[in-house]
Amino acid sequence: MNPIFKNIVAVVIGIVIGSTINMALISISSSIIPPPEGADITTIEGLKASIHLFKPINFIFPFLAHALGTLIGAFLAAKLAASHHMKFAYGIGFFFLLGGIANVFMLPAPMWFNVLDLVLAYLPMAYLGGKMATKK
């Protein structure tokens, strides 16, 4: 297979699978850790209006979704790439970091969560995913 095509496929798979894992974890989060009483988390407007009711425990699954989606997406991209494995892992991490930054502007989450999420969930997970994929 052409290495350029293989690298493009690796990035697409990393983004699609990482995003799928992210959304799956977000989707099941409310059945494992219920949202606060009266919080509407089915729409972005409802989430914005009720996020002030969230306790730290309610932020566990969003963090895990961001971190694990990035980790697995970066792992797959690095594992499937024809070359420059760590660069592709970091590329996936940067892609998801941009989504995290957009999320900071869209949702009024507490500052402690925004910092924790942006600092630990994206580039460090991309590094770990890339390292796991390139182990000999």
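Only heavy atoms go into these numbers, but all of them, side chains included; no hydrogens, no water, no symmetry mates. If you're wondering where the values come from, they're calculated on a predicted model, not measured in any experiment.
- No side-chain heavy atom of Val9 sits under 4.5 Å from any side-chain heavy atom of Leu80.
- Pro108 places none of its side-chain heavy atoms less than 4.5 Å from the side chain of His52.
- Taking CD1 of Ile15 as the reference point, atom OG1 of Thr20 lies at 11.5 Å (rounded to 0.5 Å).
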Candidate pair Asn114 and Leu107, rule side chain to side chain contact (heavy atoms under 4.5 Å, CB included), full reasoning: CA-CA 10 Å; Asn114 290 335; Leu107 289 175; over 6 Å; no
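- You'll find the side chain of Ile51 reaches within 4.5 Å of the side chain of Phe59, heavy atoms only.
- Put simply, Val119 and Leu116 are part of the same group of oily side chains (I, L, V, M, F, W, Y) that touch within less than 4.5 Å, one to the next.
- Residues Ile92 and Val12 do not share a hydrophobic cluster, defined by chaining ILVMFWY side chains whose heavy atoms lie under 4.5 Å apart.
- In this structure, Thr43 contributes its side chain and Gly46 its backbone to a donor-acceptor pair below 3.5 Å.
- Of the possible polar contacts, none joining the Asn7 side chain to the Ile4 backbone as a donor-acceptor pair under 3.5 Å is found.
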Intermediate values then yes/no, side chain to side chain contact (heavy atoms under 4.5 Å, CB included), Leu123 and Leu97: CA-CA 7 Å; Leu123 296 181; Leu97 175 62; 4.2 Å; yes
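- Placement of Ile21 and Leu128 within a single hydrophobic cluster is found when ILVMFWY residues are connected by side-chain heavy-atom separations under 4.5 Å, directly or transitively.
- Taking CZ of Phe94 as the reference point, atom OG1 of Thr70 lies at 12.5 Å (rounded to 0.5 Å).
- By the rule that hydrophobic residues join a cluster once side-chain heavy atoms approach within less than 4.5 Å of another member, Ile28 and Ile17 end up as members of one cluster.
- Although no hydrogens or angles enter the test, the distance criterion places no donor-acceptor pair under 3.5 Å between the side chain of Asn22 and the main chain of Leu68.
- Hydrophobic clustering keeps Val16 apart from Ile13 (ILVMFWY residues linked when any side-chain heavy atoms are closer than 4.5 Å, directly or through intermediates).
- Inter-residue side-chain proximity for Lys79 and Leu76 is flagged as unmet; no heavy-atom pair is nearer than 4.5 Å.
- Applying the side-chain hydrogen bond (donor to acceptor under 3.5 Å, both in side chains) rule to pairs touching residues 122-135 yields His66-Tyr122, Asp117-Tyr122, sequence neighbours excluded.
- Contact record, Gly69 with Phe96: O-CE1, 4.3 Å, taken as the closest heavy-atom pair.
- No more than 12 heavy-atom neighbours from other residues, nucleotides or ligands sit within 6.0 angstrom of CD1 on Ile57.
- Across every non-hydrogen atom of Ala81 and Ala10, the tightest pair is N-CB, 3.7 Å.
- Nearest heavy-atom pair across Ala126 and Ala89 is CB-O, 3.3 Å.
- Atom CD1 of Ile33 and atom NZ of Lys55 lie 13.5 Å apart (nearest 0.5 Å).
- Side-chain contact check for Leu118 versus Val115: every heavy-atom pair is 4.5 Å or farther apart.
- Taking both residues in full, the closest heavy atoms of Ser27 and Ser30 are given as O-OG, 4.3 Å, listed atom of the first, atom of the second, then distance.
- Looking at every heavy atom in both residues, Phe54 comes nearest to Ile41 through CZ-CG2, 3.7 Å.
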